[in-house]
Amino acid sequence: MRGIIVGILLFLTLILPREVSAQYNRNYIYWVGQQCMADNNYREAIEVLNVLLRHDAEDFDAYFLRGIAKYNMDDLVGADSDFSHAVELNPVFTGAFYYRAITRSRLGNYDDALADFRQAIELRPDLPDPYYSRGVTRLLNQQFEAAIEDFNKYIRYEKRNVAAYINRGTSYLYLKDTLRALEDYNQAVRTNREDPEPYNRRGVLYMEQERFQEAHDDFDKAIASDSNYVAGYFNRAIVRSYMSRPALALKDLDRVVELDTASSLGYFNRAIVRTEVGDYNRALEDFNTVATLAPENVLVYYNRAMLHARLGDIDAAIDDYTHAIELYPDFANAYLRRAYLRRMRHDVRGAESDERTAQRKIAEHSTRLSDPDYSIYSDTTQRLDKLLSFESSLLERNFERIASTSVHAGDDGLRLIPMFRFTLLDADSVEIDRRATRYATERVKSFILLFDNSRLRLDCRTTNLEPDTLVAIDRRVAERARLSGKKEWTELFERGISQSLIKQYTNAVATFTEAIHLNPTNPFLYLNRATTRAEMIDFISSIDNSYHSITLDSDPAKRLNNNTSRSYSYDEAIEDINKAIKLYPDFAEAYYNRANLMAISGKLPEAYEDYTRAIELEPSMGEAYYNRALLQIFLKDTRKGCLDLSKAGELGIESAYDILRQLQGAKH
């Protein structure tokens with residue numbers, strides 16, 4: 001459905017014209033937003049449309065266009081919200097109903113999507129696109145006969161759309177009407193002989209009918225139409241394997257992994273074929289690659305174990321069967337094969353234990369099978385084809401690592417945005433300048449003016465100054481204090497900042513403490529001492545690696561609650577933040593910082609409350625939305641988490657869209 005959005009600007013000309021006030025040059029701003037959309041610059045389009053909505057919160061056109069931008073950035077929840085605003089403000093807004101339906105269909109919310117399609121069609125029954133999109137939604141919702149009706153209506157308007165014939169053919173295929181399915185695939189081929197997809201679909205149907213040569217010919221044609229068409233090579237490899245042409249199958253699989261170096265299925269299938277032809281060492285290399293790309297695919301370890309056994313590495317084989325069992329405790333076959341290898345190792349007790357467990361698993365699953373001829377090892381089927389999904393990997397990460405107060409992002413970007421503190425940044429980046437001044441209060445601005453230092457900022461970003469520069473700054477501040485002959489809290493505060501930036505945490509805490517003794521009612525001094533104490537804990541723990549591991553429980557909430565026992569305590573840092581809040585109750589950054597410390601301490605409800613309070617005080621704090629989103633995703637409230645990610649992206653946190661894309665990709 002994503003391709004439908006490409007023609008949105010043409011569609012806008014049919015449904016959007018209306019008289020508007022030009023008090024703030026709305027027409028020009030709206031035009032700029034449209035231009036950004038036309039250039040696929042959706043991030044900038046959102047910022048432009050935010051300007052419109054700040055001036056007129058009832059501008060349904062702006063909500064609609066921003067929804068389109070969010071849709072194209074895979075922020076589906078945010079797009080749904082914007083389309084909803086548009087239809088609330090304009091109940092006869094056909095386009096908003098239509099695109100909200102498409103969005104909800106991609107979210108898997110088929111009932112509401114179908115209701116929106118019905119509304120759009122009632123408003124504009126002459127538009128063909130809603131019939132096609134509703135047909136796709138009904139196909140996904142397994143309403144095959146209704147889907148065929150919609151595709152029929154669409155084809156009456158548009159007879160040259162290949163996808164309509166393919167989708168109608170697929171609907172017939174699910175109804176086991178292979179003749180009509182084949183007719184539609186043939187029509188799709190006739191409609192566009194340069195499109196590889198119809199050949200591929202027809203080839204798959206031929207392959208299922210064991211018409212291997214015809215399938216092979218179709219895959220040849222698909223590849224001839226597009227030499228980079230991965231599905232064509234992949235399916236031709238399968239049919240060549242069926243035709244006992246393993247060398248040619250391997251050639252196609254080589255091409256698959258060349259075109260898609262992250263294709264777990266490509267490496268996996270190549271490993272299987274290499275095993276069949278006796279190329280065991282290279283098969284093992286492929287299995288190792290799959291284990292890296294998809295560490296939760298139980299079949300990788302199961303098949304690699306058999307390969308290790310063939311190569312005579314019994315210990316490695318046992319380890320792999322053990323790993324497969326850890327991933328899927330009901331895997332009866334894995335127990336039986338491990339039992340066999342344990343007997344070879346004269347581990348009679350272990351072998352007998354595995355055999356008893358396997359028989360118990362077999363008995364348990366046999367009682368659930370209505371078909372007595374069905375494999376008694378059916379317990380394996382539910383996990384065999386499951387590749388790694390983003391959400392499951394996210395939930396099984398160490399929350400302590402992700403909630404680290406470190407300013408450095410994790411390799412995968414899945415880390416809470418760090419705490420705010422007064423730090424040093426060169427004003428050589430528009431991005432840094434915008435973030436640093438986005439919500440500085442008058443009290444913060446007045447505090448910064450006390451210092452003759454253009455680099456001083458309240459920010460959550462790491463410094464952009466070089467280490468040598470930081471050391472030189474620290475020396476200058478120390479020399480200035482020595483020459484003055486007396487201690488001023490301002491000089492101590494600056495020295496504490498420079499010491500913390502060069503990781504002299506103990507000295508920095510002591511320096512901030514001296515500054516606090518001289519000025520005990522200043523909340524900003526407590527803020528920096530708190531962040532320094534927290535960063536010191538993270539730095540020490542990263543060296544001695546003494547964090548307790550979290551047990552991987554099936555319930556993510558339980559997993560999170562397991563991290564309350566730690567070797568280090570953030571109590572002193574939290575107490576400093578409490579003091580800062582007492583002295584400055586409307587200090588949004590302080591609540592945000594305390595939320596981070598609560599999260600890493602395992603106090604998740606308290607963290608949620610503090611992020612919420614920070615947002616109440618500063619509604620444009622995208623960092624708080626982002627961190628609260630990760631918290632909610634860990635607690636498996638993914639929808640609310642996505643709403644927060646959407647808002648964070650809207651407020652300028654671009655990494656929010658990366659997470660949304662990964663979450664969306666995990667569903668497909």
> Short question: side chain of Asn528, backbone of Phe422 - any donor-acceptor pair under 3.5 Å?
yes
> With a 4.5 Å cut-off on side-chain heavy atoms, are Tyr526 and Pro520 touching?
yes
> Go through Asn72 and Asn40 one step at a time and tell me if the side chain to side chain donor-acceptor pair (under 3.5 Å) criterion holds.
CA-CA 9 Å; Asn72 280 278; Asn40 298 324; over 6 Å; no
> Do Phe587 and Phe524 have their ring centres less than 6.0 Å from each other?
yes
> Is the shortest side-chain N to carboxylate O distance from Lys487 to Glu514 below 4.0 Å?
yes
> Do any side-chain atoms of residues 642-652 form donor-acceptor pairs under 3.5 angstrom with protein atoms, and if so which ones, sequence neighbours left out?
residue : atom : partner : partner atom : Å
Asp644  : OD1  : Arg628  : NH2          : 3.0
Asp644  : OD2  : Arg628  : NE           : 2.7
Asp644  : OD2  : Arg628  : NH2          : 3.4
Asp644  : OD2  : Gln632  : NE2          : 2.8
Ser646  : OG   : Asp75   : OD1          : 3.3
Ser646  : OG   : Asp75   : OD2          : 2.5
Lys647  : NZ   : Glu650  : OE2          : 3.2
Glu650  : OE1  : Lys70   : NZ           : 2.5
Glu650  : OE2  : Arg66   : NH1          : 3.0

> Does a salt bridge link Arg594 with Glu606, judged by any charged N lying under 4.0 Å from a carboxylate O?
no
> What about Tyr71 and Tyr99, are their ring centers closer than 6.0 Å?
no
> Can the ring centroids of Phe451 and Phe493 be said to lie less than 6.0 angstrom from one another?
yes
> Please name the residue in the list Arg529, Gln499, Arg495, Gln504 that meets the side chain to side chain donor-acceptor pair (under 3.5 Å) test with Thr511.
Gln499
> Among His85, Arg104, Arg100, whose side chain to side chain donor-acceptor pair (under 3.5 Å) with Asp80 holds?
Arg104
> With a 4.0 Å cut-off on N to O distance, would you call Lys579 and Asp576 a salt bridge?
no
> Would you give the length of the straight line joining atom CZ of Arg443 to atom CG of Asn522, rounded to the nearest 0.5 angstrom?
7.5 Å
> Should the pair Asp59-Arg26 be classified as a salt bridge under the 4.0 Å nitrogen-to-oxygen rule?
yes
> Atom CG of residue position Asp39 - does it have more than 12 heavy atoms of other residues, nucleotides or ligands inside 6.0 Å?
yes
> Indicate yes or no for a side-chain donor-acceptor contact from Thr463 to the backbone of Leu424 under 3.5 Å, with no hydrogens or angles considered.
yes
> Between Asn519 (side chain) and Trp489 (backbone), is there a donor-acceptor pair under 3.5 Å?
no
> Any donor and acceptor pair, going by atom type alone, linking the side chain of Ser655 with main-chain N or O of Asp658 inside 3.5 Å?
no
> Under a 4.0 Å threshold between the charged nitrogen and the carboxylate oxygen, would Arg421 count as salt-bridged to Glu589?
no
> ring-ring contact (aromatic ring centres under 6.0 Å, His included) with Phe83: which of Tyr63, Phe93, Phe64, Tyr98?
Phe64
> According to side chain to side chain donor-acceptor pair (under 3.5 Å), who are the partners of Asp637, at least two apart in sequence or on a separate chain?
none
> Is it the case that the side chain of Asn593 and the backbone of Met419 share a donor-acceptor pair, with hydrogens and angles ignored and the cut-off at 3.5 Å?
no
> Has Glu616 got more than 12 heavy atoms of other residues, nucleotides or ligands less than 6.0 Å from its CD?
yes
> For residues Asp56 and Leu52, determine if any side-chain heavy atom of one lies less than 4.5 Å from a side-chain heavy atom of the other.
no
> Is the side chain of Ser105 donor-acceptor paired with the backbone N or O of Ala101 at a distance under 3.5 Å, no angle test?
no
